[in-house]
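Computed over heavy atoms, backbone and side chain alike; hydrogens, waters and symmetry mates excluded.
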Amino acid sequence: GVTNISVTVTDPEPHPVNQVQCRWRYNVDGGEYILGGQGLGSQFVVQFPEESEHNLVIECQDALGNRVHDEETFFVDKTPPGIGKWYGEPFLEKEDGEYISSETPIFASVSDDGPHKSGIAEVKYRTTVVDDEACESVSVCQGTEGSSDWVSVDPEEFSVFEFSIEEESCHLIEIMATDNVNKSRTHKQCAFVDNSPPTPLKTVGEPKEPWDGLDANFYELEEFCREGGNCWKVTLDTPIFMNCTDPEPHPVDQETIHFMVELDGDDATQIYCEEYEGTYNETTGFCHLSETIEEFHFLESSEHNLKFYC
């Protein structure tokens, strides 16, 4: 908004003649004076269109020519606060929108922009569940209005503050900052919040036959193999498919596979990781692959224990 400077001139006692007329002029950064108004009465309003340092001169006189002269300096701030926002991890940007989880920190910062700073008066934010279309289209997001309660930010944290979103869905994120001369700016951004982990799907191809595990030499499998689908007898030609399903409502997809292989009770993950051109993690003991495995084959004829997650 524009700040109104209200001016009131009085002709003092004991014998005021009144009929006061005024004019005002100003310069910007010490330049030439600009006439702002003349032939004014005893009450009028001064406004400055430019942002910078202004020297204001007001001159008034009554009907008898008695004059008064007033001169003041004003710094005009017309620049709203600047707002920055960025995500921590996990974060993924896709063609259909941005994806985060409830573990993702959302960082924001507010700055008092412009050459003449009035200071930041208030910063607040809110997140609102909105239709999926807002997360899929920037223009729809910018035209969407939030409805949740605003959360005020501590003034000591205006430079950098952090929050997160608990609920899964498409969310409108709004951050509003207002300076000390009532200029405000609102930052809007929409993101999908996905907290549902992918489900691993292991399919054993042919040839195969169920195994009760009773004749195992390197594992105690009697109880484990009682559950159908846990234990199989296969050949070196049997394909094993390791896939993932990312559930609704907002699947981020782009799943990765992490597997571990034991051979006769000993870890053989590194051997298989090299075979399938993965990345071995010494801390977890798992092999990381950037995509699912369509056909996994065992390399030896013996007892194997295969684990994987998505």
Exercise. Salt bridge between Glu59 and Arg25, side-chain N to carboxylate O under 4.0 Å?
Worked result: yes
For this session: For side-chain contact (heavy atoms from CB on, under 4.5 Å), just list the numbers for Trp24 and Leu40, CA-CA rounded to whole Å, side-chain angles, deciding distance to a tenth of an Å, and then say yes or no.
Result: CA-CA 9 Å; Trp24 64 276; Leu40 304 173; 3.6 Å; yes
For this session: Measure the CG-CG distance between Leu236 and Leu299 for me, rounded to the nearest 0.5 Å.
Result: 8.0 Å
For this session: Using a 4.5 Å cut-off on heavy atoms from C-beta on, say whether the side chain of Arg185 contacts that of Val110.
Result: no
Problem set entry | Identified ring pair (Phe, Tyr, Trp, His ring centres under 6.0 Å) partner of Phe259 from the options Tyr272, Phe296, Phe308 | Phe296
For this session: Specify whether Tyr26 and Phe48 have parallel, tilted or perpendicular ring planes, treating 30° as the upper limit for parallel and 60° as the lower limit for perpendicular.
Result: perpendicular
Exercise. For Asp149, does the CG atom have more than 12 heavy-atom neighbours from other residues, nucleotides or ligands under 6.0 Å away?
Worked result: no
For this session: In sequence, state the C-alpha distance, the side-chain angles, and the governing distance for Gln21 and Gln38, and then conclude on side-chain hydrogen bond (donor to acceptor under 3.5 Å, both in side chains).
Result: CA-CA 8 Å; Gln21 285 196 340; Gln38 61 182 343; over 6 Å; no
Exercise. Is the number of heavy atoms from other residues, nucleotides or ligands under 6.0 Å of Asn230 CG greater than 12?
Worked result: yes
Problem set entry | Minimum-distance pair of heavy atoms, taken over all atoms of Asp179 and Ala121 | O-CB, 3.6 Å
For this session: Output, in order, the C-alpha distance, side-chain angles, deciding distance and verdict of side-chain contact (heavy atoms from CB on, under 4.5 Å) for Leu289 and Thr256.
Result: CA-CA 6 Å; Leu289 294 176; Thr256 58; over 6 Å; no
Exercise. ring-ring contact (aromatic ring centres under 6.0 Å, His included) between Tyr87 and Phe107: does it pass, once the steps are laid out?
Worked result: CA-CA 6 Å; Tyr87 297 114; Phe107 298 101; 9.5 Å; no
Seminar exercise, completed: Glu89 and Pro105 have their tightest heavy-atom pair at O-CD, 3.5 Å
Problem set entry | Straight-line distance of Ser102 OG to Ile165 CD1, nearest 0.5 Å | 8.0 Å
For this session: Measure the CD1-CD distance between Ile58 and Glu72 for me, rounded to the nearest 0.5 Å.
Result: 7.0 Å
Exercise. Does a side chain donor of either Gln189 or Glu98 reach within less than 3.5 Å of an acceptor in the other side chain?
Worked result: yes
Exercise. Run the side-chain contact (heavy atoms from CB on, under 4.5 Å) check on Asn4 and Gln47 step by step: do they pass?
Worked result: CA-CA 6 Å; Asn4 292 326; Gln47 293 180 344; 2.2 Å; yes
Exercise. In terms of heavy-atom contacts, does CD of Glu162 have more than 12 from other residues, nucleotides or ligands at under 6.0 Å?
Worked result: yes
Exercise. When you look at Asp113 and Ser111, which way does the side-chain hydrogen bond (donor to acceptor under 3.5 Å, both in side chains) test go after all the steps?
Worked result: CA-CA 6 Å; Asp113 293 348; Ser111 57; 2.8 Å; yes
Exercise. Would a hydrophobic clustering, with Ile, Leu, Val, Met, Phe, Trp and Tyr connected at side-chain separations under 4.5 Å, put Phe286 with Tyr276?
Worked result: no
Exercise. How about Cys170 and Cys190: are their SG atoms under 2.5 Å apart?
Worked result: no
Problem set entry | Inter-residue atom distance Tyr309.OH - Met242.CE, 0.5 Å rounding | 13.0 Å
Return a table of donor-acceptor pairs under 3.5 angstrom between the side chains of residues 261-269 and protein atoms on other chains or two or more places apart.
| residue | atom | partner | partner atom | Å |
| --- | --- | --- | --- | --- |
| Glu262 | OE1 | Tyr219 | OH | 3.1 |
| Asp264 | OD1 | Ser302 | OG | 2.3 |
| Asp264 | OD1 | Glu303 | N | 3.2 |
| Asp264 | OD2 | Ser302 | OG | 2.8 |
| Asp267 | OD1 | Thr269 | N | 3.4 |
| Asp267 | OD1 | Thr269 | OG1 | 2.6 |
| Thr269 | OG1 | Val261 | N | 3.1 |
| Thr269 | OG1 | Val261 | O | 3.4 |

Exercise. Which atom pair, heavy atoms only, marks the closest approach of Cys60 to Val9?
Worked result: SG-CG2, 3.6 Å
Listed pairs under 3.5 Å, donor-acceptor, residues 61-70 side chains, sequence neighbours left out:
| residue | atom | partner | partner atom | Å |
| --- | --- | --- | --- | --- |
| Gln61 | OE1 | Arg67 | NH1 | 3.1 |
| Gln61 | OE1 | Arg67 | NH2 | 3.1 |
| Asp62 | OD1 | Leu64 | N | 3.0 |
| Asp62 | OD1 | Gly65 | N | 3.2 |
| Asp62 | OD1 | Asn66 | N | 3.0 |
| Asp62 | OD1 | Asn66 | ND2 | 3.4 |
| Asp62 | OD2 | Asn66 | ND2 | 3.0 |
| His69 | NE2 | Glu71 | OE1 | 3.4 |

Seminar exercise, completed: In terms of heavy-atom contacts, Ser159 and Ser109 come closest through O-CB, 2.7 Å
Seminar exercise, completed: Closest heavy-atom pair, Ser169 versus Val130, reported as atoms and distance to 0.1 Å, is OG-O, 4.4 Å
Exercise. Looking at residues at least two apart in the chain, or sitting in another chain, which of them share a side-chain hydrogen bond (donor to acceptor under 3.5 Å, both in side chains) with Asp112?
Worked result: none
For this session: May I ask you to test the His171-Val129 pair for a side-chain heavy-atom distance under 4.5 Å?
Result: yes
Problem set entry | Ring center gap for His304 and Phe298 short of 6.0 angstrom | yes
Problem set entry | Euclidean distance, Tyr280 OH relative to Met260 CE, rounded to 0.5 Å | 7.0 Å
For this session: Just jot down the salt bridge (charged side-chain N to carboxylate O under 4.0 Å, His left out) partners of Lys208, sequence neighbours excluded, or say none.
Result: Glu206
Exercise. Between Thr73 and Leu56, is any pair of side-chain heavy atoms under 4.5 Å apart?
Worked result: no
Problem set entry | Nearest non-hydrogen partners of Thr238 and Pro207, listed with the distance | OG1-O, 2.6 Å
Problem set entry | Over 12 foreign heavy atoms within 6.0 Å of CD, Glu133 | no
Exercise. Would Phe163 and Tyr125 count as a close aromatic pair, with their ring centres under 6.0 Å?
Worked result: yes
Exercise. Roughly how far, to the nearest 0.5 Å, is the CD atom of Glu168 from the CZ atom of Phe192?
Worked result: 11.5 Å
Exercise. Less than 4.5 Å apart, any side-chain heavy atom of Val234 and any of Val204?
Worked result: yes
Problem set entry | Leu306 side chain near Ile240 side chain, heavy-atom distance below 4.5 Å | yes
For this session: For Trp211, enumerate each residue passing the side-chain hydrogen bond (donor to acceptor under 3.5 Å, both in side chains) test, keeping only those at least two apart in sequence or located in another chain.
Result: Asp215
Exercise. Ile106, Val153: one ILVMFWY side-chain cluster at the under-4.5 Å cut-off?
Worked result: yes
Show every donor-acceptor pair shorter than 3.5 Å between a side-chain atom in residues 140-148 and any protein atom, with sequence neighbours excluded, or say none if there are none.
| residue | atom | partner | partner atom | Å |
| --- | --- | --- | --- | --- |
| Gln142 | NE2 | Lys188 | O | 3.0 |
| Thr144 | OG1 | Val140 | O | 2.6 |
| Glu145 | OE2 | Lys188 | NZ | 3.2 |
| Ser148 | OG | Thr127 | O | 2.8 |
| Ser148 | OG | Thr128 | OG1 | 3.2 |

Problem set entry | Path from Phe218 to Ile271 over hydrophobic side-chain contacts below 4.5 Å | no
For this session: For the pair Phe44 and Cys22, evaluate side-chain contact (heavy atoms from CB on, under 4.5 Å) and give the outcome as yes or no after the intermediate values.
Result: CA-CA 9 Å; Phe44 55 94; Cys22 298; 3.6 Å; yes
